[in-house]
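Worksheet: one structure, shown below.
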Amino acid sequence: MFYREAGQYKTSYAADMAVFPIRQDRIGLAVILFTAFVLIPAFGNQFFLSSVMIPTLVFALAAIGLNILTGYTGLISLGTAAFMGVGAYACYKLTTWFPGVNIIVWIIASGFVSAFVGAMFGLPSLRIKGFYLVVATLAAQFFLQWCFGRIPWLVNYNTSGAIEAPERFLFGIPITGANATPESRYLVVLGVVALMTWFASNLVHGRVGRAWMAVRDMDIAAELMGIRLLTTKLLAFAVSSFYCGVSGALMVFLWYGSAEPEVFVINQSFLILFMVIIGGLGSLVGSFMGAALIYMLPIVLRLLPAALGVPIAAATVEHLQFIIVGVLIIVFLIAEPHGLARLWQTGKQKLRIWPFPY
Amino acid sequence: QEGVYVPLFTYRTGPFAGSGIPIADGMRDYLTMLNERDGGIGGVKIVLDECETGYDTKKGLECYDAVKGKKPVIVNPWSTGITLPLIPKASVDKIPILSMAYGLSASARGDIFPWVFNPPDTYWDGLGIILRYIGQQEGGIEKLKGKKIGYIYFDGGFGKEPIPLFEQMAKDFGFELKLYPVAPGDMQNQSSQWLSVRRDRPEYMVMYGWGAMNPTAIKEAAKINYPMEKFVSIWWPGEDDIRGTDGAKGFKMINWHGIGTDFPALKDIQKHVVDKGLSKANKDKVGELLYNRGVYNSLLIAEGIAQAQKITGKKMVDGADVRRGLENINLDEARLKELGLAGFTGTLKLTCDNHNGHRSAFIQQWDGAKWVKISDPIEPMADKVKPALDAAAQDYAEKNAGWPKRTEPCDKAS
Amino acid sequence: MRAPGSDKGVAAGDVLLAVDNVSLNFGGVKAITDVSFDIRKGEIRAIIGPNGAGKTSMLNVINGFYHPQQGRITYRGETRQKMRPYVAASQGISRTFQNVALFKGMSTLDNIMAGRTLKMRGSFFWQLFRHGPAMREEIEHRKVVEEIIDFLEIQAIRKTPVGKLPYGLQKRVELGRALAMEPDLLLLDEPMAGMNLEEKEDMSRFIIDVNNQYGTTIALIEHDIGVVMDLSDRIVVLEYGRKIADGTPDQVKSDQTVIDAYLGVPH
Amino acid sequence: MNLLYALFVDPWVQMGQAPDLLVQTLWEGLVSGVLYALIALGFVLIFKASGVFNFAQGIMVVFAALTLVGFYEMGVPAFLALALAVGVMFLLAVTVERVVLRPLVNQPDIILFMATFGITYVLIGLGELIFGGNPKRMITEQLYLPKGAVEFKILGGFVSLQKIDIAAAIIAAIMIAVLAFFFQKTRIGRALRAVADSHKAALSVGISLNQIWAIVWFTAGIVALVTGIMWGARSEVSFALQVIALKALPVLILGGFTSVPGAIVGGLIIGIGEKLGEFYWGPLVGGGIESWLAYFIALAFLLFRPQGLFGEKIIERI
Amino acid sequence: MRPTEAEATMTTAAPSLSDVAPAAAAETILAVNNIEVVYDHVILVLKGVSLTVPKGGIVAILGANGAGKTTTLKAISNLLHAERGEVTKGTVEFEGQRVDKLTPNDLVRRGCIQVMEGRHCFGHLTIDENLLTGAFTRRDGNAAIKRDMDMIYDYFPRLRQRKGSMAGYTSGGEQQMCAIGRAMMSRPKMILLDEPSMGLAPQVVEEIFEIVRTLNEKEGVSFLLAEQNTNIALRYATYGYILETGRVVMDGAADALRENEDVKEFYLGVAGADRKSFRDVKSYKRRKRWLA
Ligand SMILES: Nc1ncnc2c1ncn2[C@@H]1O[C@H](COP(=O)(O)OP(=O)(O)OP(=O)(O)O)[C@@H](O)[C@H]1O
Ligand SMILES: Nc1ncnc2c1ncn2[C@@H]1O[C@H](COP(=O)(O)OP(=O)(O)OP(=O)(O)O)[C@@H](O)[C@H]1O
Ligand SMILES: [Mg+2]
Ligand SMILES: [Mg+2]
């Protein structure tokens, strides 16, 4: 009833090929953007901005990166965190070498470093397939993490072995370091994430995206149609790592403020993989939904007892939270194995035919 | 309810829960005892709030943001990984950080890190104490010349921190240093490290370990018949890490506070907290090493608050006040006695410049069933540590261009 | 679509592809033994034979998915020991598959668009913006694809994910994808399996139209003898990996070895 | 030049100079290989039978051991506690089958993988809630597992073998032999492989997935319990053990996801390879290479055999 | 596709060509009563399908692509669950008992097995092992199983040659034989055959239908088959149902269906007496539909 495209005719291919061909969707997007860019920074409190929104966005970006690799190209990776680490350390090196250049430039540049490293570890993908390919990404995960800890050059020989985000400015406002307000950090992260999401959306809807999906769905057929497997896969690795790298740089510079190698452990890789799966493989919206669910759910669960005034120990909350998150994951999967994005689509489908059941 | 808000970051879950639980219990029980016995500090209740970090930096930061809004007077991150990102925030948010004998060693320099406190010793001090002790055993530090010392460590920030100093000392004293890193994922799988120990035959082994790494290392050392009296650890192994391990007898570690409940304050904890069922700890765990470590941590919190009240004359102090309070901590014998902790620990005096104290510590040895104190207090090697510390602090300030100069005025010791 | 081949110096009736003495085995299994035949420009060439005769393997050899141990393949006058999938595709060989090999997660439109990948040259940079040259190229190719969609009468399922389509339509989409490559040589592996009569008729018409309108050369594997006899110009018959007959439908139909090995009864 | 020497000559010289250490290294590699293989075996079982990559295997190891020790600490006699732990693993298997697998039948592998992550969370929460997060000592003596070591004075030095390690090796060998036989030769074994191949087709020929899955998860639970006892005896029973379960991944991949013998051979190659690597080559780069060496060894093997040493060939046909 | 005028003249009720319903003639082994099937909670595919199979009968379901033949068979064998489909209305009875709540495994035990469309052999098992898995539910000993294996190899000599190879590598037709043989290994009372002829060489198709007939006559196995090859299906079946977009639009004895003009034209491809050439198909030819 409310969600109908009836009466909306496309008069050109360009209009038909738009990412959001339906008016309601475009309105929805505008509302979301307005909320994200205006309402949230205006009304969100500090905790919400810096411990909920920024992390969720950072993870969403990494999830998009992984989704490009796993969801769109069908290559499972467990090295996401390490590629994020590459981005973070690259950004640190770059900005300490050339403090004069704007940090945003370096954040993007560090994505390229990560893309290069990612492509290197993507090389075996021509020969190794399926779950077996996981080993290449695991090698990346552990090897890179070891490098972060073992190469003092990477941390400018800091005795603490950690990297600290120095203070950097955008338009004269500090956006990294301790003096950066949550609002400014949030807006920068949001801007970068929004822009990169737009790029990703363009990519996956065009030639490149189709080649990726073709390789995912039936690599042999794709090859016989003249899609070069190695280039396509490497491109996926590179683009994916680019996103992860930028996300890692954002994570350290605009969220953590400092980082040790332990930040980029395999558990984080898993976490992002789960965001992608729960959100929906091969769906950009799903990446956001997955990141939001997996990251926010524990926070909500943790805050809930206190908010409700239930006297319950922090550790017990933690235990219960583990159980509840686990159960919810299973429940969601059973409800819709293709992820939240699909759940959302089915919901829209129902709206369209409402009030009839089918 | 009204009171000073003291959040306690704990990790009762996750891979390090084994060490996290007794520490959390000790911290909590001491402060609860003050509430129960004295109605708080200076007549103001302490509002306790645990935030579970699981020893995970991400959750730790989240905890920080969550408690920040409630105006905490102090934050105890209980993880070096969480401490590091908080250091720059502390001065902005005006919340002092107490990273007791962990965290960034350089933050001992109060003039550069006015908001961070890491008493009573840094990891570098710990190393100095261990080497001094080894020197004593050999009959003089100069006897280390030509000897081989092995260092087995948790391959993360904490374990790696002493290495530059260690290397420096190796040069200065002429011993050979052998490194055996243990990757976080391999904490329970150390056979290759100990095989290497067997090959290299270092005369002494020094360990900076944490969590499951400690018991595994002790077991593996016993397995290769390494002489336990020559195996000295930094201050983190607890009783649970060693109890019941065959061949662990003789193992040594540094410590700076008492074990057991033979102190009036600990008796009070039993009386006012444990017996009333207010503690989460098992009765028999009260007074164990890491439990008392938690108590020591809380002693510093309480003392910081008490001093702040004294300086400002306010009852309801805030973070900025407690920072000043901490800079005025002076736990001399008399004060310890007053607190019911005579003999529990050595004296400690913090100042504006010195946020650590660099206090002496002693060596204790496992006799198969309990820890036994076997040495007099040993001073850290100030001459070696101080320059390194200063350099590191300077380095930190430089690398983080725009690091604020200390503007906080210094209270004259009262 | 343009008429392919016309500009490449291959006149109608010339040999477009020749297979000489090809043998292929997998471990102990001899899939193809010493088979030679040729396909002429513009004809419909059928390959038939009992199950497991090596028909599919033959197509796989032709477009480079299998590499024969022996023999040569001559395509457009160039002789090779084996084809490479990418080379085969870029030189105008496209195909459909016995077990539908569509990109299941993509819509009909995207599947057919994917068939145009080889023809698209737009830079990665513009792809990022989906404007300017990238969009122009996209629209240009979309037009071609819409033509194919019209031709195959699958307008209604343009945006449906192909995984959800019934089998017959999937086969049709697969044909569309192969056509999108504007092939010189189209290899069809049992395009009509699992279809009812009406759909077979539709499919036959598509095949004939492709052959007539665009002059595309077609190699066809099919078990429906009626279809094969009606459509094809010449037929190769394989059995146990060997060629047992080769000729026009009438010749093959009355060949006793073929009747024994495959047809069962004279058709 | 020096580097080349250190890389290619020196390690061999060392091996020759101290053969006892070499033997000891090999033995340690063997033992950790066996222990990795035990974890991997749990993965293989479930993967074979349901195509599920069971992320929860690591936590199942912890959970099983924790149950055992937990019951013991509650005052239950050791062997009764063992029986109870087995019972708990059975309960777990049945629950998982009912609640998770049954509704998710015929879903893509990755979805089931994700579901096992859900199981992991639940088990972590439950385990800590019931038994507490503090590490516990394995009740080695109470279960009559051998203690101490045997030492051989050979090769101009000594080689010491821990009795518990020998026991682990023997138990692992027996378990693996039994399971390999079970898979290849029995009716259920064949059905298991069929299920792994295609849920749908297995359903259509009347294989009862429910029953099969319950059996297999239970078996994997038993394997987890054994693994937990052995690892626990080496250090302690704590949630840190789950981290080590990750080491089973390269073992699994190297051996081939579906092969029981693959798990053991993969385990041995990885175990011995990484010990030798760490011991003889590690010092060149400051040590600690054990954390990633296993993955590179596995990767190197995979480049030659993409389906792992014993894995089923990846069928590429069109 | 546009409806034709013919459609307007059709009644909405399914016309039955024979007066005798098959159920009346003999004991019923399978009865499907008015089932409705929904996929993914939203896609309604079967809109009330009823059919019966007499004991010892061969019944064919005919219909265009996407009509719902496969869905009907899966609804009977309870394989729908695995595809996120469910029967939302109606019942299925096998030998007089309701079976719609059973698992596929129970149904196989009771003697009803499905051969799925598109082969679905166990790619990593050999042909031999594939056949053996078919005997999973049997309890009558290895000797009997062995005997049946031999019988199947006699039926499909091509399989015997390939018995040691992994099914994944065999050709399409070989896999089809394997799938049918595998189902026969369970010694069922009833087989649901989905497109048995797909991808098989013509004489193998004949052979398979001969096998169906043999099993039916000698062993009394009942068959329900979904088939596109109407010609052959109606030659071997005793009764047929024609499905269109999820509804039964016509049913009747096979002979009667074969003589029906519409069926002749649209399913058998005979106009008058002669078969027309595929070359002569005109592009404007559109199908007549019974129902929208
Ligand atoms: N990759 C492979 N590995 C092993 N054997 C193979 C492989 N590909 C094909 N074969 C074998 O080669 C023979 C020929 O197979 P092919 O698929 O070419 O047959 P076909 O003529 O297409 O049969 P159908 O009509 O049944 O599709 C078969 O016996 C098959 O088992
Ligand atoms: N898993 C599924 N999810 C959604 N829709 C489905 C699914 N399976 C089948 N359908 C739809 O249900 C309808 C009936 O499909 P079904 O496979 O039963 O047809 P069929 O008569 O067997 O066709 P064919 O002759 O092509 O095999 C089709 O429109 C199909 O798109
Ligand atoms: Mg074929
Ligand atoms: Mg069908």
Flag if over 12 foreign heavy atoms under 6.0 Å of [atom1], [X]:
| X | atom1 | answer |
| --- | --- | --- |
| A:F37 | CZ | yes |
| A:F116 | CZ | no |
| A:R127 | CZ | yes |

Measuring from atom [atom1] of [X] to atom [atom2] of [Y], what distance do you get when rounded to the nearest 0.5 angstrom?
| X | Y | atom1 | atom2 | result |
| --- | --- | --- | --- | --- |
| C:F97 | A:I220 | CZ | CD1 | 8.5 Å |
| A:L224 | C:M181 | CG | CE | 8.5 Å |
| A:N202 | C:W126 | CG | CH2 | 12.0 Å |
| A:W198 | C:F129 | CH2 | CZ | 6.0 Å |
| A:I227 | C:F103 | CD1 | CZ | 5.0 Å |
| A:M225 | C:I93 | CE | CD1 | 14.5 Å |

Part of [X] lying under 4.5 Å from any heavy atom of chain C:
| X | answer |
| --- | --- |
| A:L235 | side chain |
| A:A222 | both |
| A:V204 | neither |

Please walk me through it: do A:V239 and C:F124 pass side-chain contact (heavy atoms from CB on, under 4.5 Å)? CA-CA 11 Å; A:V239 174; C:F124 183 81; 3.9 Å; yes
Name the option with the most non-hydrogen atom pairs under 4.5 Å to chain C; the candidates are A:L229, A:V215, A:L203. A:L203
Of the listed A:G226, A:G206, A:G209, A:G282, the one with the largest count of heavy-atom pairs under 4.5 Å with chain C is A:G226
Which heavy atom of C:R177 sits nearest a heavy atom of A:A221, and at what distance? NH2-CB, 4.1 Å
Non-neighbouring partners of C:F206 that pass ring pair (Phe, Tyr, Trp, His ring centres under 6.0 Å), sequence neighbours left out: C:F151
With a 4.5 angstrom heavy-atom cut-off, is it the side chain or the backbone of C:I139 that approaches chain A, or both, or neither? both
Check each atom of C:K159 against the heavy atoms of chain A and say whether the ones under 4.5 Å are side chain, backbone, both or neither. side chain
Return each pair, listed once, that meets salt bridge (charged side-chain N to carboxylate O under 4.0 Å, His left out) where at least one residue sits in residues 199-217 of chain A; pairs must be two or more places apart or across chains. A:R210-C:E138
